[in-house]
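Values below: all heavy atoms of this structure, side chains included; hydrogens, waters and symmetry mates excluded. Nothing fancy with the numbering, it's 1 onward along the sequence.
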Amino acid sequence: MILNITTTRQPATDLGYLLHKHPDKFQTFELSVGKAHVFYPEKSEEKTTISLLLDIDPIDMVRGARNLGGDGFALGHYINDRPYVASSFMSVALSKAFSSAMNGKCKDKPELVDVKFPLKVTIAVISAPRGGEMLIRKIFEPLGYKVELTRHRLDEKFPEWGESKYYTLELSHTVTIKELLSHLYVLIPTLDNDKHYFVSAQEIDKLLKKGEGWLKEHHEREQITRRYLIGLDSLSRQALERLSEGEDVDGPGDELIEKTGIQKRKETLHDERIKLVVEKIVESGATRVLDLGCGEGKLIKQLVKQKQFSEITGMDVSYHELLKAKERLRYDEMPPKQKERVNLFQGSLTYQDKRLEEFDAAAVVEVIEHLDLNRLKAFERVLFEFAKPKTVVLTTPNQEYNIMWENLDAEDVRHGDHRFEWTRKEFAEWANKIGKVYHYGVELLPVGDEVENIGAPSQMAIFSYGN
Ligand code: SAH
(Lines give C-alpha, C1' and ligand atoms only; values in the text may rest on other atoms or scores of the structure.)
Protein backbone atom coordinates (compact mmCIF):
# COMPACT_ATOMS: atom_id res chain seq x y z
CA MET A 1 0.00 0.00 0.00
CA ILE A 2 1.16 3.47 -0.73
CA LEU A 3 0.50 6.90 0.70
CA ASN A 4 1.40 9.97 -1.34
CA ILE A 5 1.56 13.52 -0.04
CA THR A 6 1.69 16.26 -2.66
CA THR A 7 2.06 19.99 -2.26
CA THR A 8 2.00 22.85 -4.72
CA ARG A 9 3.06 25.57 -2.30
CA GLN A 10 6.20 27.04 -3.76
CA PRO A 11 8.94 26.17 -3.34
CA ALA A 12 7.29 22.76 -3.14
CA THR A 13 10.59 21.13 -2.29
CA ASP A 14 10.12 22.55 1.22
CA LEU A 15 8.24 19.35 1.84
CA GLY A 16 11.62 17.64 2.06
CA TYR A 17 12.76 19.96 4.85
CA LEU A 18 9.55 19.56 6.75
CA LEU A 19 9.55 15.80 6.60
CA HIS A 20 13.29 15.56 7.13
CA LYS A 21 13.70 13.52 3.99
CA HIS A 22 16.15 14.55 1.31
CA PRO A 23 14.44 14.52 -2.09
CA ASP A 24 17.36 12.71 -3.73
CA LYS A 25 17.50 9.86 -1.27
CA PHE A 26 15.57 6.61 -1.23
CA GLN A 27 15.21 5.62 2.42
CA THR A 28 14.06 2.40 4.03
CA PHE A 29 12.79 1.79 7.55
CA GLU A 30 12.44 -1.59 9.21
CA LEU A 31 9.07 -2.48 10.64
CA SER A 32 8.30 -5.52 12.77
CA VAL A 33 6.75 -7.25 9.78
CA GLY A 34 8.33 -5.72 6.72
CA LYS A 35 9.70 -2.42 5.52
CA ALA A 36 8.62 1.13 4.79
CA HIS A 37 10.23 3.00 1.89
CA VAL A 38 10.25 6.75 1.44
CA PHE A 39 10.97 8.40 -1.90
CA TYR A 40 9.89 11.25 -4.17
CA PRO A 41 8.16 10.24 -7.40
CA GLU A 42 8.12 13.92 -8.43
CA LYS A 43 10.02 16.93 -7.17
CA SER A 44 10.10 20.48 -8.49
CA GLU A 45 9.63 23.97 -7.14
CA GLU A 46 6.04 23.87 -8.43
CA LYS A 47 4.96 20.46 -7.29
CA THR A 48 6.49 17.85 -5.05
CA THR A 49 5.20 14.45 -4.00
CA ILE A 50 6.59 12.21 -1.34
CA SER A 51 5.60 8.54 -1.14
CA LEU A 52 5.51 6.19 1.79
CA LEU A 53 5.36 2.66 0.49
CA LEU A 54 4.72 -0.22 2.86
CA ASP A 55 6.11 -3.57 2.04
CA ILE A 56 4.53 -5.89 4.57
CA ASP A 57 5.82 -9.42 4.61
CA PRO A 58 2.96 -11.88 5.13
CA ILE A 59 5.41 -14.59 6.17
CA ASP A 60 6.79 -12.34 8.90
CA MET A 61 3.23 -11.87 10.04
CA VAL A 62 2.71 -15.58 10.45
CA ARG A 63 5.93 -15.88 12.40
CA GLY A 64 5.00 -12.71 14.15
CA ALA A 65 2.44 -14.03 16.60
CA ARG A 66 4.76 -12.05 18.88
CA ASN A 67 3.07 -8.98 17.51
CA LEU A 68 -0.16 -10.15 18.97
CA GLY A 69 0.89 -10.32 22.56
CA GLY A 70 1.39 -14.07 22.82
CA ASP A 71 -1.29 -16.21 24.41
CA GLY A 72 -1.77 -18.09 21.20
CA PHE A 73 -3.71 -15.35 19.44
CA ALA A 74 -2.60 -15.50 15.87
CA LEU A 75 -4.40 -13.44 13.29
CA GLY A 76 -1.45 -13.90 11.00
CA HIS A 77 -2.23 -17.56 10.56
CA TYR A 78 -5.06 -16.58 8.34
CA ILE A 79 -4.72 -15.42 4.81
CA ASN A 80 -5.53 -11.75 5.05
CA ASP A 81 -5.38 -8.39 3.36
CA ARG A 82 -2.81 -6.91 5.74
CA PRO A 83 -0.05 -6.57 3.16
CA TYR A 84 -2.28 -4.56 0.86
CA VAL A 85 -4.41 -2.15 2.83
CA ALA A 86 -3.55 0.87 4.91
CA SER A 87 -4.12 0.01 8.53
CA SER A 88 -2.37 0.28 11.86
CA PHE A 89 0.84 -0.61 10.00
CA MET A 90 0.54 2.70 8.21
CA SER A 91 0.39 4.57 11.50
CA VAL A 92 3.48 2.81 12.74
CA ALA A 93 5.26 3.57 9.48
CA LEU A 94 4.20 7.23 9.56
CA SER A 95 5.52 7.66 13.07
CA LYS A 96 8.79 5.91 12.21
CA ALA A 97 9.45 7.71 8.96
CA PHE A 98 8.22 11.17 9.95
CA SER A 99 8.64 11.34 13.70
CA SER A 100 10.19 14.82 13.86
CA ALA A 101 7.51 16.30 11.64
CA MET A 102 4.83 14.63 13.73
CA ASN A 103 6.28 16.21 16.82
CA GLY A 104 6.32 19.60 15.14
CA LYS A 105 10.07 19.86 14.66
CA CYS A 106 11.96 21.15 11.64
CA LYS A 107 15.68 21.58 12.10
CA ASP A 108 16.60 23.56 9.00
CA LYS A 109 13.50 25.68 8.49
CA PRO A 110 11.63 25.82 11.82
CA GLU A 111 9.41 28.61 10.51
CA LEU A 112 7.68 26.06 8.23
CA VAL A 113 6.21 24.08 11.11
CA ASP A 114 3.24 26.40 11.52
CA VAL A 115 2.70 27.06 7.84
CA LYS A 116 -0.46 25.67 6.34
CA PHE A 117 0.34 23.90 3.09
CA PRO A 118 -2.12 23.05 0.35
CA LEU A 119 -1.82 19.28 0.49
CA LYS A 120 -3.23 16.37 -1.39
CA VAL A 121 -2.98 12.90 0.08
CA THR A 122 -3.69 9.72 -1.82
CA ILE A 123 -3.97 6.38 -0.06
CA ALA A 124 -4.21 3.22 -2.07
CA VAL A 125 -5.89 1.26 -0.74
CA ILE A 126 -7.94 1.60 2.35
CA SER A 127 -10.37 -0.94 3.69
CA ALA A 128 -13.56 0.32 5.23
CA PRO A 129 -16.28 -1.62 7.02
CA ARG A 130 -19.91 -1.65 6.01
CA GLY A 131 -21.16 1.84 5.28
CA GLY A 132 -17.52 2.67 4.69
CA GLU A 133 -17.95 5.66 2.46
CA MET A 134 -20.11 7.45 4.99
CA LEU A 135 -17.73 6.65 7.80
CA ILE A 136 -14.74 7.96 5.85
CA ARG A 137 -16.56 11.20 5.10
CA LYS A 138 -17.82 11.57 8.66
CA ILE A 139 -14.36 11.37 10.12
CA PHE A 140 -12.37 13.43 7.59
CA GLU A 141 -14.77 16.10 6.36
CA PRO A 142 -15.35 17.83 9.73
CA LEU A 143 -11.59 18.44 9.87
CA GLY A 144 -11.86 20.37 6.61
CA TYR A 145 -10.74 17.72 4.16
CA LYS A 146 -12.24 17.38 0.74
CA VAL A 147 -12.77 13.67 0.31
CA GLU A 148 -12.75 11.79 -2.95
CA LEU A 149 -13.29 8.07 -2.95
CA THR A 150 -12.94 5.49 -5.65
CA ARG A 151 -14.40 2.18 -4.69
CA HIS A 152 -12.82 -0.89 -6.21
CA ARG A 153 -14.69 -3.82 -7.66
CA LEU A 154 -14.10 -7.25 -6.19
CA ASP A 155 -12.74 -8.29 -9.55
CA GLU A 156 -12.53 -6.05 -12.60
CA LYS A 157 -13.07 -9.06 -14.84
CA PHE A 158 -16.31 -10.01 -13.13
CA PRO A 159 -18.29 -6.81 -12.57
CA GLU A 160 -21.32 -8.89 -11.56
CA TRP A 161 -19.48 -9.85 -8.35
CA GLY A 162 -20.02 -6.31 -7.23
CA GLU A 163 -18.05 -3.89 -5.14
CA SER A 164 -15.37 -4.67 -2.57
CA LYS A 165 -14.75 -2.94 0.76
CA TYR A 166 -11.60 -1.37 -0.68
CA TYR A 167 -11.21 2.25 -1.71
CA THR A 168 -8.63 4.62 -3.03
CA LEU A 169 -8.92 7.69 -0.87
CA GLU A 170 -7.93 11.18 -1.91
CA LEU A 171 -7.87 13.97 0.66
CA SER A 172 -7.25 17.64 -0.01
CA HIS A 173 -6.83 20.36 2.58
CA THR A 174 -4.68 23.29 3.57
CA VAL A 175 -3.13 22.34 6.90
CA THR A 176 0.19 22.10 8.65
CA ILE A 177 2.14 18.91 8.08
CA LYS A 178 1.97 18.16 11.78
CA GLU A 179 -1.81 18.32 11.75
CA LEU A 180 -2.02 16.20 8.64
CA LEU A 181 0.20 13.49 10.08
CA SER A 182 -1.66 13.34 13.36
CA HIS A 183 -5.00 13.08 11.57
CA LEU A 184 -3.73 10.25 9.41
CA TYR A 185 -2.09 8.50 12.35
CA VAL A 186 -5.35 8.32 14.27
CA LEU A 187 -7.92 8.04 11.51
CA ILE A 188 -6.43 5.44 9.17
CA PRO A 189 -6.57 2.64 11.74
CA THR A 190 -10.10 3.59 12.80
CA LEU A 191 -11.26 2.35 9.41
CA ASP A 192 -9.74 -1.00 10.07
CA ASN A 193 -10.82 -3.37 12.78
CA ASP A 194 -7.72 -5.47 13.16
CA LYS A 195 -4.83 -3.87 14.94
CA HIS A 196 -1.69 -5.82 14.24
CA TYR A 197 -0.39 -5.44 17.75
CA PHE A 198 -1.92 -5.99 21.10
CA VAL A 199 -4.01 -3.05 22.19
CA SER A 200 -3.33 -1.94 25.73
CA ALA A 201 -3.87 1.11 27.90
CA GLN A 202 -0.81 2.72 26.27
CA GLU A 203 -2.89 3.18 23.15
CA ILE A 204 -5.03 5.69 25.03
CA ASP A 205 -1.99 7.90 25.58
CA LYS A 206 -1.03 7.67 21.93
CA LEU A 207 -4.55 8.50 20.84
CA LEU A 208 -4.84 11.50 23.15
CA LYS A 209 -1.40 12.79 22.23
CA LYS A 210 -1.96 12.55 18.50
CA GLY A 211 -5.52 13.79 18.86
CA GLU A 212 -4.45 16.88 20.78
CA GLY A 213 -6.11 20.01 19.51
CA TRP A 214 -8.71 18.36 17.32
CA LEU A 215 -10.13 15.08 18.62
CA LYS A 216 -11.92 16.64 21.55
CA GLU A 217 -13.92 18.94 19.29
CA HIS A 218 -14.56 16.34 16.61
CA HIS A 219 -18.24 15.51 16.31
CA GLU A 220 -17.40 11.84 15.84
CA ARG A 221 -14.91 11.66 18.66
CA GLU A 222 -16.76 8.81 20.35
CA GLN A 223 -16.84 6.70 17.24
CA ILE A 224 -13.21 7.52 16.41
CA THR A 225 -12.10 6.64 19.93
CA ARG A 226 -13.99 3.37 20.02
CA ARG A 227 -12.79 2.32 16.63
CA TYR A 228 -9.21 3.31 17.32
CA LEU A 229 -9.32 1.18 20.46
CA ILE A 230 -10.88 -1.65 18.42
CA GLY A 231 -14.14 -1.48 20.31
CA LEU A 232 -12.62 -2.40 23.66
CA ASP A 233 -15.12 -0.98 26.10
CA SER A 234 -13.10 -0.21 29.17
CA LEU A 235 -10.27 1.41 27.22
CA SER A 236 -12.72 3.46 25.18
CA ARG A 237 -14.51 4.59 28.32
CA GLN A 238 -11.26 5.68 29.93
CA ALA A 239 -10.19 7.52 26.80
CA LEU A 240 -13.50 9.30 26.44
CA GLU A 241 -13.49 10.27 30.08
CA ARG A 242 -10.05 11.76 29.70
CA LEU A 243 -11.10 13.55 26.52
CA SER A 244 -14.07 15.16 28.19
CA GLU A 245 -12.35 16.07 31.41
CA GLY A 246 -13.63 19.44 32.52
CA GLU A 247 -16.66 19.25 30.26
CA ASP A 248 -20.30 18.56 30.92
CA VAL A 249 -21.08 15.04 29.98
CA ASP A 250 -24.30 15.14 28.06
CA GLY A 251 -25.54 11.59 28.34
CA PRO A 252 -24.83 8.76 25.99
CA GLY A 253 -23.29 9.45 22.60
CA ASP A 254 -25.03 9.15 19.25
CA GLU A 255 -24.04 5.58 18.86
CA LEU A 256 -25.93 4.60 21.97
CA ILE A 257 -28.95 6.66 21.14
CA GLU A 258 -29.14 5.01 17.74
CA LYS A 259 -29.37 1.65 19.42
CA THR A 260 -33.07 1.78 19.92
CA GLY A 261 -35.88 -0.65 19.28
CA ILE A 262 -34.81 -3.97 17.93
CA GLN A 263 -31.29 -3.84 19.25
CA LYS A 264 -32.38 -3.15 22.79
CA ARG A 265 -34.83 -6.00 22.61
CA LYS A 266 -32.17 -8.30 21.27
CA GLU A 267 -29.90 -7.29 24.08
CA THR A 268 -32.34 -8.33 26.78
CA LEU A 269 -33.21 -11.48 24.89
CA HIS A 270 -29.55 -12.36 24.74
CA ASP A 271 -29.20 -11.91 28.50
CA GLU A 272 -32.17 -14.17 29.01
CA ARG A 273 -30.72 -16.75 26.68
CA ILE A 274 -27.37 -16.74 28.44
CA LYS A 275 -29.04 -17.14 31.82
CA LEU A 276 -30.91 -20.18 30.58
CA VAL A 277 -27.75 -21.70 29.09
CA VAL A 278 -25.89 -21.29 32.39
CA GLU A 279 -28.80 -22.84 34.26
CA LYS A 280 -28.87 -25.87 31.97
CA ILE A 281 -25.13 -26.44 32.14
CA VAL A 282 -25.19 -26.16 35.93
CA GLU A 283 -28.04 -28.71 36.04
CA SER A 284 -26.01 -31.12 33.93
CA GLY A 285 -23.46 -31.35 36.76
CA ALA A 286 -20.58 -30.42 34.47
CA THR A 287 -17.32 -29.10 35.86
CA ARG A 288 -15.30 -28.64 32.66
CA VAL A 289 -17.15 -26.53 30.13
CA LEU A 290 -16.54 -25.34 26.64
CA ASP A 291 -18.06 -22.28 24.96
CA LEU A 292 -17.86 -22.78 21.22
CA GLY A 293 -18.07 -19.62 19.14
CA CYS A 294 -17.75 -17.71 22.41
CA GLY A 295 -17.71 -14.33 20.66
CA GLU A 296 -16.98 -11.52 23.05
CA GLY A 297 -17.31 -13.73 26.10
CA LYS A 298 -20.73 -12.83 27.51
CA LEU A 299 -21.48 -16.42 28.46
CA ILE A 300 -17.99 -17.06 29.82
CA LYS A 301 -18.38 -14.08 32.08
CA GLN A 302 -21.46 -15.68 33.65
CA LEU A 303 -19.89 -19.14 33.79
CA VAL A 304 -16.92 -17.80 35.73
CA LYS A 305 -19.31 -16.77 38.53
CA GLN A 306 -20.33 -20.40 39.09
CA LYS A 307 -17.96 -22.16 41.47
CA GLN A 308 -19.07 -25.51 40.10
CA PHE A 309 -16.96 -24.99 37.00
CA SER A 310 -13.28 -25.77 37.41
CA GLU A 311 -12.38 -25.15 33.78
CA ILE A 312 -14.02 -22.78 31.32
CA THR A 313 -12.68 -22.71 27.81
CA GLY A 314 -13.83 -20.42 25.03
CA MET A 315 -13.09 -20.89 21.38
CA ASP A 316 -13.83 -18.63 18.46
CA VAL A 317 -12.68 -18.33 14.90
CA SER A 318 -12.36 -14.58 15.21
CA TYR A 319 -9.26 -13.12 16.78
CA HIS A 320 -11.00 -9.81 17.18
CA GLU A 321 -13.85 -11.37 19.18
CA LEU A 322 -11.34 -13.18 21.39
CA LEU A 323 -9.59 -9.92 22.16
CA LYS A 324 -12.91 -8.44 23.15
CA ALA A 325 -13.61 -11.46 25.35
CA LYS A 326 -10.27 -11.05 27.05
CA GLU A 327 -11.14 -7.45 27.70
CA ARG A 328 -14.67 -8.17 28.93
CA LEU A 329 -13.34 -10.77 31.35
CA ARG A 330 -10.60 -8.42 32.49
CA TYR A 331 -8.39 -11.42 31.95
CA ASP A 332 -5.14 -9.57 32.51
CA GLU A 333 -6.25 -8.40 35.94
CA MET A 334 -7.61 -11.75 37.13
CA PRO A 335 -5.95 -13.30 40.18
CA PRO A 336 -3.81 -16.32 39.20
CA LYS A 337 -6.32 -18.86 40.54
CA GLN A 338 -9.14 -17.43 38.41
CA LYS A 339 -6.86 -17.22 35.41
CA GLU A 340 -6.16 -20.91 35.69
CA ARG A 341 -9.84 -21.68 35.25
CA VAL A 342 -10.26 -19.67 32.07
CA ASN A 343 -8.76 -20.41 28.73
CA LEU A 344 -9.39 -18.85 25.31
CA PHE A 345 -8.17 -20.02 21.97
CA GLN A 346 -8.68 -19.47 18.30
CA GLY A 347 -10.04 -22.35 16.27
CA SER A 348 -12.78 -23.37 13.93
CA LEU A 349 -15.78 -25.51 14.68
CA THR A 350 -15.57 -27.21 11.35
CA TYR A 351 -12.18 -28.85 11.88
CA GLN A 352 -11.51 -31.75 14.20
CA ASP A 353 -9.52 -30.46 17.14
CA LYS A 354 -7.99 -32.36 20.05
CA ARG A 355 -8.32 -29.29 22.25
CA LEU A 356 -12.09 -29.79 22.27
CA GLU A 357 -11.95 -33.23 23.82
CA GLU A 358 -12.65 -34.28 27.41
CA PHE A 359 -15.16 -31.63 28.38
CA ASP A 360 -18.32 -32.38 30.31
CA ALA A 361 -20.44 -29.80 28.57
CA ALA A 362 -20.32 -27.53 25.56
CA ALA A 363 -22.38 -24.44 24.79
CA VAL A 364 -22.98 -23.40 21.19
CA VAL A 365 -24.95 -20.21 21.52
CA GLU A 366 -26.22 -18.50 18.34
CA VAL A 367 -23.36 -19.90 16.31
CA ILE A 368 -24.54 -22.61 13.93
CA GLU A 369 -26.47 -20.12 11.80
CA HIS A 370 -23.10 -18.49 11.00
CA LEU A 371 -21.83 -21.67 9.37
CA ASP A 372 -22.39 -22.40 5.71
CA LEU A 373 -24.98 -25.14 5.39
CA ASN A 374 -22.51 -27.34 3.56
CA ARG A 375 -20.14 -27.10 6.56
CA LEU A 376 -22.78 -28.09 9.07
CA LYS A 377 -22.06 -31.77 8.64
CA ALA A 378 -18.39 -31.14 9.47
CA PHE A 379 -19.45 -29.26 12.61
CA GLU A 380 -21.72 -32.15 13.65
CA ARG A 381 -18.88 -34.62 13.44
CA VAL A 382 -16.36 -32.33 15.14
CA LEU A 383 -18.65 -31.86 18.12
CA PHE A 384 -20.75 -34.99 18.46
CA GLU A 385 -18.45 -37.65 17.05
CA PHE A 386 -14.96 -36.44 18.06
CA ALA A 387 -15.16 -33.90 20.92
CA LYS A 388 -18.14 -35.72 22.41
CA PRO A 389 -18.99 -33.76 25.57
CA LYS A 390 -21.63 -35.38 27.79
CA THR A 391 -23.94 -32.39 27.40
CA VAL A 392 -24.39 -29.91 24.58
CA VAL A 393 -26.55 -26.83 25.00
CA LEU A 394 -27.16 -25.24 21.62
CA THR A 395 -29.30 -22.26 20.60
CA THR A 396 -30.25 -20.75 17.27
CA PRO A 397 -32.86 -18.16 16.17
CA ASN A 398 -36.39 -19.24 15.39
CA GLN A 399 -36.97 -18.10 11.84
CA GLU A 400 -40.76 -17.94 12.31
CA TYR A 401 -40.30 -15.17 14.85
CA ASN A 402 -38.61 -12.79 12.40
CA ILE A 403 -41.97 -11.40 11.45
CA MET A 404 -42.17 -9.98 14.97
CA TRP A 405 -39.02 -7.90 14.69
CA GLU A 406 -39.46 -4.40 13.42
CA ASN A 407 -37.72 -3.65 10.13
CA LEU A 408 -37.52 -7.27 9.11
CA ASP A 409 -39.47 -9.09 6.47
CA ALA A 410 -40.25 -12.67 7.31
CA GLU A 411 -37.87 -13.88 4.62
CA ASP A 412 -34.92 -11.88 5.84
CA VAL A 413 -32.39 -13.29 8.19
CA ARG A 414 -31.77 -11.22 11.31
CA HIS A 415 -28.11 -10.65 11.07
CA GLY A 416 -26.04 -9.93 7.98
CA ASP A 417 -23.81 -12.90 8.68
CA HIS A 418 -26.52 -15.51 9.25
CA ARG A 419 -26.29 -18.14 6.55
CA PHE A 420 -29.61 -19.73 7.45
CA GLU A 421 -32.31 -19.62 10.09
CA TRP A 422 -34.56 -22.51 10.97
CA THR A 423 -38.21 -22.83 11.85
CA ARG A 424 -39.02 -24.82 15.00
CA LYS A 425 -39.80 -27.84 12.87
CA GLU A 426 -36.55 -27.68 10.92
CA PHE A 427 -34.56 -27.28 14.12
CA ALA A 428 -36.36 -30.20 15.80
CA GLU A 429 -35.72 -32.44 12.80
CA TRP A 430 -32.05 -31.57 12.74
CA ALA A 431 -31.63 -32.02 16.51
CA ASN A 432 -33.46 -35.35 16.57
CA LYS A 433 -31.37 -36.63 13.69
CA ILE A 434 -28.19 -35.70 15.59
CA GLY A 435 -29.55 -37.48 18.66
CA LYS A 436 -30.14 -40.65 16.72
CA VAL A 437 -26.87 -40.73 14.80
CA TYR A 438 -24.58 -39.87 17.72
CA HIS A 439 -26.57 -41.41 20.60
CA TYR A 440 -27.64 -38.28 22.41
CA GLY A 441 -30.99 -37.69 24.10
CA VAL A 442 -32.65 -34.45 22.92
CA GLU A 443 -34.75 -31.90 24.78
CA LEU A 444 -36.09 -28.83 22.97
CA LEU A 445 -36.99 -25.56 24.64
CA PRO A 446 -38.13 -22.09 23.59
CA VAL A 447 -35.94 -19.11 24.52
CA GLY A 448 -37.76 -15.83 25.20
CA ASP A 449 -41.48 -15.13 25.32
CA GLU A 450 -43.58 -17.36 23.11
CA VAL A 451 -46.15 -16.03 20.67
CA GLU A 452 -49.04 -18.20 19.49
CA ASN A 453 -48.34 -19.96 16.17
CA ILE A 454 -44.94 -18.31 15.92
CA GLY A 455 -43.02 -19.54 18.94
CA ALA A 456 -40.26 -17.78 20.83
CA PRO A 457 -37.51 -15.61 19.31
CA SER A 458 -34.84 -18.22 19.87
CA GLN A 459 -34.75 -21.97 20.41
CA MET A 460 -32.62 -24.34 22.43
CA ALA A 461 -31.69 -28.00 22.17
CA ILE A 462 -30.09 -29.85 25.07
CA PHE A 463 -28.25 -32.99 24.03
CA SER A 464 -27.32 -35.56 26.70
CA TYR A 465 -25.02 -38.39 25.75
CA GLY A 466 -26.43 -41.87 26.15
CA ASN A 467 -29.88 -40.76 27.38
N1 SAH B 1 -21.83 -17.27 21.42
C2 SAH B 1 -21.67 -15.85 21.39
C3 SAH B 1 -21.43 -15.27 20.00
C4 SAH B 1 -22.45 -15.55 18.96
S5 SAH B 1 -22.07 -14.76 17.43
C6 SAH B 1 -22.83 -15.17 22.04
O7 SAH B 1 -23.88 -15.77 22.12
O8 SAH B 1 -22.70 -14.02 22.44
C9 SAH B 1 -21.34 -16.08 16.53
C10 SAH B 1 -19.89 -16.32 16.84
O11 SAH B 1 -19.50 -17.52 16.16
C12 SAH B 1 -18.96 -15.23 16.37
O13 SAH B 1 -18.16 -14.82 17.43
C14 SAH B 1 -18.16 -15.91 15.26
O15 SAH B 1 -16.84 -15.42 15.20
C16 SAH B 1 -18.20 -17.34 15.68
N17 SAH B 1 -17.97 -18.30 14.59
C18 SAH B 1 -18.48 -18.26 13.34
N19 SAH B 1 -18.03 -19.31 12.62
C20 SAH B 1 -17.23 -20.04 13.44
C21 SAH B 1 -16.46 -21.24 13.28
N22 SAH B 1 -16.44 -21.88 12.14
N23 SAH B 1 -15.76 -21.69 14.33
C24 SAH B 1 -15.78 -21.01 15.52
N25 SAH B 1 -16.47 -19.87 15.71
C26 SAH B 1 -17.19 -19.38 14.69
Side-chain angles (χ1 to χ4, degrees), residues 32 64-76 88 189-190 193-211 222-245 249 252-253 255-256 267 270-271 274-275 277-278 281-282 286-347 355 359 363 365:
S32 63
R66 60 193 152 89
N67 291 307
L68 303 165
D71 288 6
F73 289 101
L75 171 72
S88 50
T190 61
N193 283 326
D194 294 316
K195 272 237 177 353
H196 70 280
Y197 49 83
F198 192 75
V199 174
S200 65
Q202 280 175 354
E203 286 297 300
I204 301 180
D205 297 330
K206 284 197 220 164
L207 172 70
L208 298 183
K209 183 153 182 278
K210 297 289 189 296
E222 175 155 352
Q223 167 138 244
I224 292 169
T225 301
R226 285 192 190 287
R227 298 189 66 89
Y228 183 88
L229 296 166
I230 62 168
L232 300 177
D233 271 343
S234 77
L235 294 188
S236 305
R237 232 179 295 121
Q238 286 173 46
L240 287 165
E241 268 167 28
R242 281 174 58 186
L243 259 184
S244 57
E245 262 162 25
V249 182
E255 216 180 34
L256 287 176
E267 197 63 35
H270 198 47
D271 293 343
I274 281 178
K275 227 163 102 191
V277 172
V278 175
I281 299 181
V282 168
T287 59
R288 303 185 67 214
V289 293
L290 199 52
D291 184 7
L292 299 172
C294 61
E296 54 191 78
K298 288 188 180 151
L299 173 62
I300 298 180
K301 188 159 184 180
Q302 299 309 317
L303 293 171
V304 169
K305 293 181 186 162
Q306 303 289 333
K307 294 216 169 60
Q308 174 179 333
F309 304 130
S310 60
E311 188 177 333
I312 302 151
T313 295
M315 180 187 92
D316 203 283
V317 76
S318 157
Y319 167 78
H320 185 65
E321 292 298 306
L322 287 170
L323 272 186
K324 282 206 212 159
K326 217 175 155 195
E327 152 96 358
R328 179 182 290 275
L329 295 166
R330 297 182 181 270
Y331 184 82
D332 288 333
E333 293 137 50
M334 269 185 190
K337 267 216 152 23
Q338 283 285 56
K339 242 184 204 169
E340 267 171 33
R341 291 170 72 210
V342 181
N343 182 28
L344 297 174
F345 68 86
Q346 193 176 26
R355 294 172 297 181
F359 282 90
V365 179

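- The heavy-atom pair separating Ala325 from Gly295 by the smallest distance is CB-O, 3.7 Å.
- Within the 4.5 Å cutoff, the side chain of Leu208 has heavy atoms near those of the Arg242 side chain.
- To the nearest 0.5 Å, the span separating CG on Leu299 from NE2 on His270 amounts to 8.0 Å.
- For Arg355, the CZ atom counts as densely surrounded, since its 6.0 Å shell holds more than 12 non-hydrogen atoms of other residues, nucleotides or ligands.
- Closest approach of Val304 and Arg341 over heavy atoms only: O-NH1, 3.0 Å.
- Across all their heavy atoms, Ile300 and Leu344 have their closest contact at CD1-CD2, 3.7 Å.
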Problem - Worked verdict on Glu340 versus Lys337 for salt bridge (Lys or Arg N to Asp or Glu O under 4.0 Å) - result: CA-CA 5 Å; Glu340 267 171 33; Lys337 267 216 152 23; 5.5 Å; no
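- Among all heavy-atom pairs drawn from Leu303 and Phe309, the shortest one is O-CD1, 3.4 Å.
- Residue pairs meeting the side chain to side chain donor-acceptor pair (under 3.5 Å) criterion with at least one partner in residues 302-313, sequence neighbours excluded, are Arg288-Glu311, Gln302-Lys305.
- Taking all atoms of both residues into account, the shortest heavy-atom contact from Ala363 to Val277 is CB-CG1, 4.0 Å.
- Here Lys339 contributes atom NZ and Met334 contributes atom CE; the two are 8.5 Å apart, rounded to the nearest 0.5 Å.
- The pair Glu222-Arg226 meets the salt-bridge criterion, with a side-chain N (NZ, NE, NH1 or NH2) lying under 4.0 Å from an Asp/Glu carboxylate O.
- Proximity of a side-chain donor or acceptor of Gln346 to a complementary backbone N or O of Val317 within less than 3.5 Å is detected.
- Around the NZ atom of Lys209, the shell of radius 6.0 Å holds no more than 12 heavy atoms that belong to other residues, nucleotides or ligands.
- Interatomic distance, OH of Tyr228 versus CG of Leu207, reported as 6.0 Å (0.5 Å rounding).
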Exercise for the section: Assess whether side chain to side chain contact (heavy atoms under 4.5 Å, CB included) is satisfied between Gln338 and Tyr331, documenting all intermediate values. Expected result: CA-CA 9 Å; Gln338 283 285 56; Tyr331 184 82; over 6 Å; no
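- Look at Arg330 and Glu333 and you find a salt bridge, because one of the NZ, NE, NH1 or NH2 atoms lies within 4.0 Å of a carboxylate O, short of that distance.
- A donor-acceptor contact shorter than 3.5 Å is absent between the side chain of Asp316 and the backbone of Leu322.
- Of all the heavy atoms in Ser236 and Thr225, the pair that sits closest is O-CG2, 4.1 Å.
- Within the 4.5 Å cutoff, the side chain of Lys298 has no heavy atoms near those of the Asp291 side chain.
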